[in-house]
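Values below: all heavy atoms of this structure, side chains included; hydrogens, waters and symmetry mates excluded. Chain letters run A, B, ... following the sequence lines, proteins first and then strands; every chain starts at 1. Note that the coordinates shown come from a computational prediction; the quantities given were computed from them, not determined experimentally.
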Amino acid sequence: MNLLAKFLKLLNSEASPWQIAIAITLGLIVGLTPFWRLHNLLILLIVLMLRINLSGFIVSVSFFSLIGWIFGGLFDKVGSELLSNPDLATFWSSLFNLPLGLLSQLNHSITLGSLLISLLLTPVCLLLSKQLVIQYRERFMRWVHKLKIMQVFKASKVYRLYQALGD
Amino acid sequence: MIRFLRWQGLIIFIAICALIAAVTELFLDSWISWSVSKSVSNITGAEVNIANVEHSFSPLGISLSDIQLTDAAQPENNSVQIAQLGAHISFTDLLYNRIIIDDLTATGVMFNQNRDKKGEVYRSAKTSHNELPPDEDNRSKEMDAAALLAKAPLKTDDAVKTLQQRFEQNQTELKQQYKTLPDKEKLKQYQQRIKSLSETDFKNTQELAKATAEFNQLKTEIKQDKQKFSDFRNQVEQTKAQLNQDINQLKQAKDQDYALIKGMVTGNLDAYADATEMIFGDTAHRWRKPVMTAIELVGPLLEKKQQEQKQQREDQGRWFAFDGSSDMPQFLIKKSDIDITFKNQRVKVNVTDITTDHARLGRPTLFDATASHSDLWENLSVHGQFKLLGGELDAWQNWQITQLSLPAETLSSQEKLTALLNKGKLTSNGQLNVTKGKLDGNTTIKLDQLSIEASGQNNITNIIANALNSLNTLTINATLRGDVINPDVSLTSDLDKQLAANTASILPDNIKQKLNKVSALLDDKSQQGQASQQQDWQQWLSRDSDAESAESQLEQLLKTKLNNLLDKEKDKLKEKLKNKLFGN
């Protein structure tokens with residue numbers, strides 16, 4: 001609840017749309033790929049060191065973890081296809097004979113498949129989420145506030161929490 | 001650029017990493033201890049204790065101290081305990097999600113040791129064999145024969161009932177068929193009509209044709225009636241066979257009832273005849289466990305781990321190897337040296353290729369235990385192999401134990417019978433096969449140089465005690481069947497037959513008289529049960545005899561009269577032909 005309220009507050013704040021979009025995109029990579037991986041440690045370091053919004057990142061990780069669980073079979077298939085491709089065997093062999101390559105655990109079908117797909121989705125997600133934030137603020141924020149469901153929401157505990165955080 | 005940096009974020013990152021490292025360092029040992037205990041106790045069905053777990057990151061390895069596996073059948077004992085277990089784990093293979101242990105060492109392995117505290121049992125195992133039959137049922141002893149018959153759930157009564165019901169069903173069928181049989185009058189008519197046809201002098205062919213048609217019609221009727229007699233007689237035969245079967249079952253039921261009541265009166269005397277199992281069962285099982293540890297404990301452990309891995313593989317993707325180790329299983333202990341301590345003697349056991357994926361590895365797990373001549377034995381060796389294919393355990397092992405000195409131990413310490421083994425030598429050669437998790441093995445265990453001190457408290461246990469006291473050698477035949485984890489082991493020897501004969505002869509006179517009375521009453525029941533059918537059955541046998549006679553008469557009518565009629569006409573034609581040809 002608290003996290004959701006913070007995220008709503010973030011959307012309605014003056015924070016830069018790029019800042020929010022980067023948080024969502026990095027959350028997408030962490031969310032879609034298996035959690036205990038080297039690249040996720042690196043992303044965590046980036047998120048913490050750079051001024052990337054943590055609420056947006058955590059909400060994004062939670063949301064995309066669910067998506068990642070649903071599409072696990074697809075990631076496995078993509079990863080397996082690439083790892084078992086004879087044309088790429090030399091590349092994989094040289095990569096995984098490096099200590100860093102082995103530590104990356106990209107020889108795991110789901111890790112490779114999900115990381116590759118999430119990297120392909122990165123520019124799309126970055127631009128789309130930036131646009132969505134802008135559009136939300138420009139067009140939907142007032143309209144959303146007028147919706148009946150929003151009125152009900154405003155009377156809810158989440159909204160009160162959100163208000164309290166805003167104060 | 002610097003305005004985008006959040007220096008406190010770096011501190012948080014370091015703090016998170018430090019927290020993960022600290023939690024790992026603090027709780028890893030507990031987690032390993034918990035998961036190993038849980039996995040092993042799932043297999044053994046009893047409490048598993050690990051006193052201490054230590055890990056090291058460089059080189060990567062774990063060390064477990066004082067591992068105790070409670071014996072589910074005797075929770076005050078450990079079936080196996082290991083003083084120290086150490087393993088070096090390959091870090092590189094962990095990155096491939098494989099656990100590869102190059103070398104595992106186990107020292108101070110001991111079997112059948114007492115526990116400080118009774119262990120918990122989660123799944124009951126087969127209990128001790130060293131139990132005498134329950135005390136004699138005095139109430140049964142005091143009852144007279146008729147009351148005993150009234151009290152016991154008699155199979156004789158059921159057998160009588162079954163016999164009567166089946167006979168009644170058969171009799172209904174016989175009655176129906178008997179009603180359809182032609183009577184004597186009809187048989188006479190057949191004879192007269194045939195006689196009439198055969199004696200008629202036919203003037204022309206038209207009359208002959210008419211008589212032939214009539215004869216054929218008659219023949220059809222006779223055949224039909226003959227078939228009825230035949231069917232009736234078949235039914236009598238069936239009834240006879242059924243009756244014989246039911247009478248045999250009645251006899252068996254009577255014998256079983258007698259055995260039951262004899263057990264009630266004598267206090268289950270016959271149970272004493274399983275003396276080999278009763279006296280030497282626990283000793284034999286104690287010696288079996290070390291010999292079969294590889295198959296009975298390690299095999300199922302790996303089987304369980306294989307199931308877990310299969311589940312994980314399905315859920316969690318595939319790992320690819322590009323260093324030429326793609327055919328490496330997910331779990332492998334390449335070599336293990338196990339040091340078993342046995343009555344202050346050491347037995348070295350070498351096990352190679354312990355894995356959950358023998359299909360991938362392409363070779364079975366081999367185990368080999370050899371001990372040279374010592375004060376305790378002349379020779380001791382166990383060789384075998386096992387493999388898990390398609391989730392099923394296939395294994396074999398053979399063993400040779402020669403002149404193993406048995407320590408002094410109590411064979412039976414019950415009120416009615418005490419037996420103490422002072423000394424003895426055990427020799428056993430055998431082979432055991434496991435196919436798809438099912439055991440199949442036969443072996444002989446030869447006990448010699450036996451010295452047993454036994455004493456009994458009643459006539460029966462005195463006989464057993466005397467037999468044990470005079471025992472010098474004993475050859476036990478052991479059969480192993482059933483599941484690997486909880487096998488069915490049965491032990492038999494000549495001692496059983498000897499004791500069965502001796503204990504039966506010591507029945508007191510009053511018991512013998514009572515049993516004779518019981519036998520007579522059961523005979524009465526059986527005879528009364530058959531008596532009601534006896535009269536009816538005699539009647540049916542008599543009717544069967546009549547039917548046989550009638551069937552024979554009809555057969556005769558069909559053969560003889562028809563032939564005579566035709567022959568007569570043929571002769572007439574021949575005579576006419578002769579007269580025309582030769583003019584006589």
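For the residue pair His39(A) and Ser104(A), no side-chain donor N or O sits within less than 3.5 Å of a side-chain acceptor on the partner. There is no side-chain donor-acceptor pair under 3.5 Å between Gln19(A) and Asn53(A).
Considering only heavy-atom pairs separated by less than 4.5 Å from chain B, the leading option among Ile52(A), Thr111(A), Val47(A) is Ile52(A). Between chain B and the options Leu102(A), Leu106(A), Asp76(A), heavy-atom pairs under 4.5 Å are most frequent for Leu102(A). Contact tally against chain B (heavy-atom pairs below 4.5 Å) for Leu112(A), Leu103(A), Leu95(A): the top residue is Leu103(A).
If you run side chain to side chain contact (heavy atoms under 4.5 Å, CB included) between Phe322(B) and each of Thr90(A), Asn97(A), Leu83(A), only Leu83(A) comes through.
In this structure, no portion of Ile11(B) lies under 4.5 Å from any heavy atom of chain A. Residue contact with chain B, scored on non-hydrogen atoms closer than 4.5 Å, involves the backbone and the side chain of Ser84(A) alike.
Under the 3.5 Å distance criterion, the side-chain polar atoms of Ser336(B) are matched with a main-chain donor or acceptor of Val351(B).
The ring-ring contact (aromatic ring centres under 6.0 Å, His included) contacts involving residues 18-68 of chain B comprise His55(B)-Phe57(B), where partners must be two or more places apart or lie in separate chains.
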